[in-house]
Asker: 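Got a structure for you, written out below as structure tokens; questions coming shortly.
Values below: all heavy atoms of this structure, side chains included; hydrogens, waters and symmetry mates excluded.
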Amino acid sequence: MRHAWALTSFTAAALLAAAVLLASGVRAQAPQPALDLAVMETPAGTTLDDILTGRAQPGFTPVLTPGFPFTAREERTLWVRIRTDLPAGEYDWRLGVVRVPLERLRLRVHPPGDVVVRDSFFSRGDGQRPWPSHFDLPLPAGLSGPTELYLELEGRVMGGLHVSLRDAAVASAEEQEARFWFRVVYALLLAVALLSLVRHAEDSRAGALSVGAAAFCSWLACLGINGHLYSLPEVALLSGLGAVVPQALFLLGAGPVVLATRHYSGLDKSAPQLVGWMRALGWILVVAALFALTLPSDASITLQWVAWFSYPVALLACVVMLVLDSRSYRWAPLFTLLVMGAAVLLRVLADHQVIEANWWTLYGWQLALALVMAQYLGLPWTRARLQRWAMRKRAEPPPPSAEEKIEAAREKLMASLQHGLTHADDDDVAWIAYRRLLDGLKSVLAQDSSAVVGEHADGEELLQVEPKSAESRYRNLLRERATLLRNLSKLKAAQQVGFDFDGPEGPLEKVQLAVIPLPIPKPGWGALLVERPADVSYSDAELALCAEFAAMAVVAGEEASGTVSAQRQAETDPATGVFREEAIRDRLQQLVEAARLRQTPFSLLWIELDQLPSLREAGGEVAVVAALRPVAGLLQKEISHGDLIGRSASGGFLVLAPGKKLLQAREYAERLREAVSHMAVDPRIAPTLSISVGIAQAGPEERKSADLADRAANAARVATRNGGDQIFS
């Protein structure tokens, strides 16, 4: 990227060299006759006869160069006398005049002084090829020797008049060269405009739309100032507006270039204090160009001054923004913008006849502008692509060796087991351990499928399969070969055996199974099975790896089961089998915090046994426990899945109901109250038992579980004082 400016310089030099070679080839085809020019300005309507007879004063002023700067004014006609000596021969002579926004051009040959050809900047002549660089005015056939031509010009524009007399073959070759470079400029600008849409779709923050808009407006500016826009029949209707339209389109190209440079240069970061000024400058130029389209035709010269003044201002603003940019890829467009400024200066010098007028000195600035637009879009896009490629390259570490894969899988399995078993229920510990075992083996051992099969000591079937689609095959294997697998699991050593899986559509192809026994308490049994094709055997190292992973899973499961059992025993109230008060309070705080973060409803049910005071008075704590135990057992069966129940400070129960709103909690409490009221009660305890339930819902910003518990407790006391066996919230 740092050498982009050098590439741009090389490209510009190559294009210039090609143009010089082409131009030299064209000039070698035929000699150009010398021209003797003179100019005079007359009021509109002055005839050639008035000029030749001397009635039009003061007469012609000789011009020593093949052209001159001029200003065509309203109600005035500019006459150019051209004297030359045409060589004898079969030549088809063409008078070429570089295109400027002139409304009328007439060529007369004296004698007799009649008009032999007409042309206009705002209309396309019959048979004219696209993208011309000259007004091509054919001379009558057969002219030779001393010849006097009169060129009549009308319009409202300033410019440089460049006149040349060429043979038709030379003129055609020069126009073909000019058309080629015009096509290069227009195609480059349109390509940038279209590709900017692709770039915007890829990254909407890249500012590609501003570059695309600048390229499109620059395309319109070049078409307008070159007169090529009028080649389209629909646009030719604007010819009545005169030179205002091309000058306004020319001005339209300046503002978007400033706006595109602001995005490209990252001015928001390099000089944020200038962002507002540059944005304002760009939009002022855009608005001025749009306003110029509404001006009358007699304002064209003033508008031309504004346009030519605006481009240096816009160019200077762009250079300042790029100089303030600290990124290395600013140099390419900065250098190209300076080349563009030099090319604009060459156009001025060519119009004043200081240097030779050719395509490069007259239109080279347009190619430089197109290159700037291409760089504004292409350089950041290329840089982003290279950065993504480098990031992907950095993100792709070298493939690990087999030992590294095994070690990574071993660490991942241990971490997975520890994480998965930390908060697991006692009933889920074995299932989680075996699931992690199957997942861990997939990454280090080539296999078609794997499974943990067997039977728990209580007779419950043990079957986990990876992938899930192979489960039916393993069920069929257990049905057909359970005795063989049970016997293999008792050998206490890993081994490999060939098996025929009998599927629902008949015997399947023979497979190779690794059988690793699992320490399931008798009379249960279990084994880890890993399937491979029949012709792929297991090495001793692979069997040892399977046994090691299986042992890790079993040991982790046993440790987690013991930890869960010990923790559950420490948190369980021995009298009722529900959570102790301290444990349920901890769970309450956790659930309240989770509900606040997730913004989900949460309700707390405070349950009081209505007969508790009389039972305590009659039989003490023994009678209280005898009554609470069956109520606790019933409530554990009746509460919803995922809800928790524990002892309350008053001797009753707390039910934590996450996800339930107040109305749902009341219906829930009613169901629990109804179940207790219909519960069969030992008559030695009490004739009947009933509960009163207080409900409180956590607010959206509830943080303190103690406040929620206090509201639920107060509601329960109200229900009790009102007679009991009821609900209050």
Side-chain angles (χ1 to χ4, degrees), residues 1-5 7-8 11 182-224 229 232 234 249 252-272 274-276 278-283 285-287 289-290 314 317-318 321-322 324-334 336-337 340 366-396:
M1 192 62 65
R2 69 183 60 178
H3 301 300
W5 65 272
L7 179 62
T8 304
T11 303
F182 282 134
R183 287 191 178 104
V184 170
V185 172
Y186 298 155
L188 192 56
L189 290 173
L190 282 180
V192 171
L194 294 176
L195 290 175
S196 67
L197 300 177
V198 179
R199 173 60 171 154
H200 177 74
E202 183 180 285
D203 183 2
S204 59
R205 299 172 298 177
L209 287 184
S210 65
V211 178
F216 183 76
C217 292
S218 298
W219 176 68
L220 289 178
C222 293
L223 283 176
L229 196 64
L232 304 175
E234 296 81 359
L249 292 177
L252 182 62
V257 172
V258 175
L259 298 176
T261 306
R262 185 183 72 83
H263 282 283
Y264 176 85
S265 65
L267 195 66
D268 295 358
K269 296 181 179 179
S270 60
L274 293 180
V275 171
M278 294 302 174
R279 185 189 293 116
L281 174 62
W283 283 109
L285 293 176
V286 171
V287 172
L290 297 177
C318 294
M321 287 187 281
L322 291 174
L324 293 176
D325 189 6
S326 60
R327 293 169 296 187
S328 58
Y329 61 91
R330 73 187 186 278
W331 293 111
L334 179 59
T336 310
L337 278 174
M340 177 183 168
Q366 298 181 13
L367 180 59
L369 178 60
L371 288 175
V372 171
M373 294 296 100
Q375 291 165 350
Y376 278 0
L377 179 67
L379 293 181
W381 200 349
T382 303
R383 181 173 178 268
R385 292 276 183 175
L386 292 176
Q387 286 179 337
R388 284 197 294 269
W389 176 79
M391 290 175 63
R392 285 196 300 268
K393 187 176 180 181
R394 289 194 299 268
E396 295 175 359

Asker: Would you call Leu252 and Leu285 a side-chain contact if the rule is heavy atoms closer than 4.5 Å?
Answerer: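 When only atoms from C-beta onward are counted, Leu285 and Leu252 do not touch, as no gap falls below 4.5 Å.
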Asker: Can you see which heavy atom on Gln366 is nearest to which on Val185, and at what distance?
Answerer: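 Residues Gln366 and Val185, closest heavy atoms: O-CG1, 3.9 Å.
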Asker: Got Tyr264 and Val211 here, is their nearest side-chain heavy-atom distance under 4.5 Å?
Answerer: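 Of all side-chain heavy-atom pairs linking Val211 with Tyr264, none is under 4.5 Å.
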Asker: Which atom names give the shortest non-hydrogen contact between Ser265 and Leu322, and what distance separates them?
Answerer: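 The pair with the smallest heavy-atom distance is CB-CD2, 4.1 Å.
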Asker: Just how far is it from atom CG of Leu377 to atom OG1 of Thr382, taken to the nearest 0.5 Å?
Answerer: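 Going from the CG atom of Leu377 to the OG1 atom of Thr382 covers 8.5 Å.
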Asker: How long is the gap from CG on Leu259 to CH2 on Trp283, to the nearest 0.5 Å?
Answerer: 6.0 Å
Asker: Starting at CE of Met373, measure out to OG of Ser196 and round the result to the nearest 0.5 Å.
Answerer: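 Between Met373 CE and Ser196 OG, I get 11.0 Å after rounding to 0.5 Å.
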Asker: Can you name the residues that form a salt bridge (Lys or Arg N to Asp or Glu O under 4.0 Å) with Arg279, not counting sequence neighbours?
Answerer: none
Asker: Within a reach of under 6.0 Å around CZ of Arg388, are more than 12 heavy atoms found that belong to other residues, nucleotides or ligands?
Answerer: yes
Asker: Taking atom OG of Ser218 and atom CG of Leu249, what is their separation to the nearest 0.5 Å?
Answerer: 11.5 Å
Asker: Please enumerate all residues that pass salt bridge (Lys or Arg N to Asp or Glu O under 4.0 Å) together with Arg199, with sequence neighbours excluded.
Answerer: Glu202
Asker: So how far is it from Leu267 CG to Arg262 CZ, rounded to the nearest 0.5 Å?
Answerer: 7.5 Å
Asker: Please tell me if the side chains of His263 and Asp268 come closer than 4.5 Å, counting only heavy atoms from C-beta onward.
Answerer: no
Asker: Quick one: closest heavy-atom pair of Leu324 and Ser270, and the distance?
Answerer: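 For Leu324 versus Ser270, the nearest heavy atoms are O-CB, 3.5 Å.
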Asker: For Leu189 versus Ala215, what's the shortest heavy-atom pair and its separation?
Answerer: O-CB, 3.5 Å
Asker: First locate atom CZ of Arg330, then atom OG1 of Thr261, and finally report the distance between them rounded to the nearest 0.5 Å.
Answerer: 14.5 Å
Asker: Should Val257 and Leu369 count as side-chain neighbours, where that means a heavy-atom distance under 4.5 Å?
Answerer: yes
Asker: Once you measure the plane-to-plane angle for Trp219 and Phe216, does it fall in the parallel (<30°), tilted (30-60°) or perpendicular (>60°) bin?
Answerer: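 Answer is tilted, since the angle falls between 30° and 60°.
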Asker: Picking from Leu334, Leu367, Val192, Thr336, what satisfies side-chain contact (heavy atoms from CB on, under 4.5 Å) with Val372?
Answerer: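 Going through the options one by one, the only one that passes is Thr336.
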Asker: Before you tell me yes or no, could you show the steps for Met340 and Leu371 under side-chain contact (heavy atoms from CB on, under 4.5 Å), namely the whole-Å CA-CA distance, both residues' side-chain angles and the distance that decides it to 0.1 Å?
Answerer: CA-CA 10 Å; Met340 177 183 168; Leu371 288 175; over 6 Å; no
